[in-house]
Amino acid sequence: MFIVLNAGSGRDDAEQTRATISAVLDEAGREHELLLIERGASVADVAARAVQMARGRGGAVVAAGGDGTISAVAQAVLTAGLPFGVLPQGTFNYFSRTHGIPADTERATRALLRAQVEPVQVGTVNDRVFIVNASVGLYPQLLEDREAYKQRYGRSRPVAVWSALVTLFHAHRPLRLHVQCQGVARDVRTSTLFVANNALQLEQIGVAEAALLAQDQLVALMLKPVGTLSMLRLMLRGAFGKLGEAEDVLRFGFDQLVVRPAAPRRSARVKVATDGEIQWLRAPLSFGVAPQRLWLLAPAPEDRVERQ
């Protein structure tokens, strides 16, 4: 096992996490190597090195971090077709919770020893992989502000909620987008376009279309341009699992969705968030399901934890 460990993710000290992983694997006699992502280092570069080593020695690649780290490592692993393991270290851990992977590092590492390979759907936007969600508009701004607050006040859910409230109380210009989906094209105005690939996240906010993910589709949510108070009401609906009942939210499943600014410049670039990481991608944005499956090392039934 070649384990990519993000020292900046999660609640635990990186040295303690590394010691726990090594202790379990050493005890089991399992050959492994830990590749630590130091502050400022590129996750993509470390992941590529892990893939190269795993290919050469017939191994598996394991991502130890939050959803952003897992997604970045999955990007390198997907086309290589290697087995892929996860040791969750983040704040929300939607991917690992969806697949029953324990949050405790020792339990998750022991689960890897008895894991069963399962194919898992992955979303893409242009050439970027996402395992949980991708978005444009207000949501990427929420994520940018949340990261700034976390740097200042620490990583926790209360900090994330507070930063979101601060962001909402600042004015934001709605997006004007040209959207092509299932052979139909139209122009729309929206505050954010959110594309989901995670049933747990959709179920928690009350979106019934979550079931479409099991049918080789992704699920899109588009929020109509509304004022701050209306946006706060939508947030509360989501918090109580009732967002799917809101009239200001358009929801639909798709296998291919192409989006560009309604009045694009020749070199239009769009701010996109994929699994909590921000990048600028050139329009048009093409969302879809990756043709390959991610070969996840999923916990055996006796190691699986219930989704929460």
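Starting from 1, each residue takes its place in the sequence as its number.
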Can you confirm whether more than 12 heavy atoms, excluding those of [X], are under 6.0 Å from its [atom1] atom?
X    : atom1 : value
Q182 : CD    : yes
R176 : CZ    : no
R107 : CZ    : no
Q256 : CD    : yes

Return the minimal non-hydrogen interatomic distance between [X] and [Y], and the atom names on each side.
X    : Y    : answer
A300 : R114 : CB-O, 3.5 Å
A185 : Q180 : CB-CG, 3.8 Å
A50  : V4   : CB-CG2, 3.6 Å
A196 : L213 : O-CD2, 3.5 Å
I3   : A64  : CG2-CB, 4.2 Å
T274 : A134 : CG2-CB, 4.0 Å

How long is the span from the [atom1] atom in [X] to the [atom2] atom in [Y], to the nearest 0.5 Å?
X    : Y    : atom1 : atom2 : result
L294 : F95  : CG    : CZ    : 5.5 Å
N6   : L87  : CG    : CG    : 12.5 Å
L223 : S191 : CG    : OG    : 4.5 Å
D255 : L212 : CG    : CG    : 11.0 Å
L257 : L218 : CG    : CG    : 9.0 Å
L193 : S135 : CG    : OG    : 8.0 Å

Could you check whether any side-chain heavy atom of [X] comes within less than 4.5 Å of a side-chain heavy atom of [Y], counting everything from C-beta outward?
X    : Y    : answer
N197 : F130 : yes
R293 : Q121 : yes
L5   : I37  : no
V136 : T192 : no
L285 : V258 : no
K224 : T190 : no
V132 : T98  : no
E106 : V24  : yes

Under the criterion salt bridge (charged side-chain N to carboxylate O under 4.0 Å, His left out), I'd like the reasoning laid out for R110 against E27: C-alpha separation, chi angles, the key distance, then a yes or no.
CA-CA 10 Å; R110 293 192 185 280; E27 178 187 340; 3.4 Å; yes

CA sep, side-chain torsions, deciding dist, call: V62, V86, side-chain contact (heavy atoms from CB on, under 4.5 Å)
CA-CA 5 Å; V62 178; V86 169; 5.9 Å; no

side-chain contact (heavy atoms from CB on, under 4.5 Å) between E31 and M1, worked out
CA-CA 7 Å; E31 185 180 354; M1 293 184 184; over 6 Å; no

What verdict does the side-chain contact (heavy atoms from CB on, under 4.5 Å) test give for L35 and M53, after you've listed the backbone C-alpha separation in whole Å, the side-chain angles of each residue and the deciding distance to 0.1 Å?
CA-CA 11 Å; L35 294 82; M53 297 168 73; 4.0 Å; yes

[X], [Y]: one ILVMFWY side-chain cluster at the under-4.5 Å cut-off?
X    : Y    : answer
F84  : W295 : no
L113 : V305 : no
L296 : V61  : yes
V120 : L200 : yes
L297 : I70  : no

Atom pairs and distances, side-chain donor-acceptor, residues 73-83, under 3.5 Å, sequence neighbours left out:
residue : atom : partner : partner atom : Å
Q75     : OE1  : V129    : N            : 2.7
Q75     : NE2  : D127    : O            : 2.8

Determine yes or no for a side-chain-to-main-chain donor-acceptor pair under 3.5 angstrom, with [X] supplying the side chain and [Y] the backbone.
X    : Y    : value
Q217 : F254 : yes
N93  : S96  : no
D275 : S71  : no
R269 : L281 : no
D26  : A23  : no
R97  : F92  : yes
D67  : Y94  : yes

Before accepting this row, confirm whether a basic side-chain N of the pair K271/E277 lies closer than 4.0 Å to the acidic partner's carboxylate O.
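Looking at K271 and E277, the cut-off is not met.
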
Which residue pairs pass the ring-ring contact (aromatic ring centres under 6.0 Å, His included) test with at least one member in residues 101-120, sequence neighbours excluded?
none

Answer yes if the side chains of T105 and Q89 hold a donor-acceptor pair under 3.5 Å, and no otherwise.
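Judged by distance alone, the side chains do pair up.
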
Check: S286/N126 side-chain N/O donor and acceptor closer than 3.5 Å:
no

May I have the step-by-step check of side-chain contact (heavy atoms from CB on, under 4.5 Å) for L250 and F252, ending in yes or no?
CA-CA 7 Å; L250 175 65; F252 56 93; 4.1 Å; yes

Mind jotting down which residue pairs meet the salt bridge (charged side-chain N to carboxylate O under 4.0 Å, His left out) criterion with at least one end in residues 184-212? Sequence neighbours excluded, please.
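Every salt bridge (charged side-chain N to carboxylate O under 4.0 Å, His left out) pair that includes a residue of residues 184-212, provided the two are not neighbours, is E203-R307, E209-R251.
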
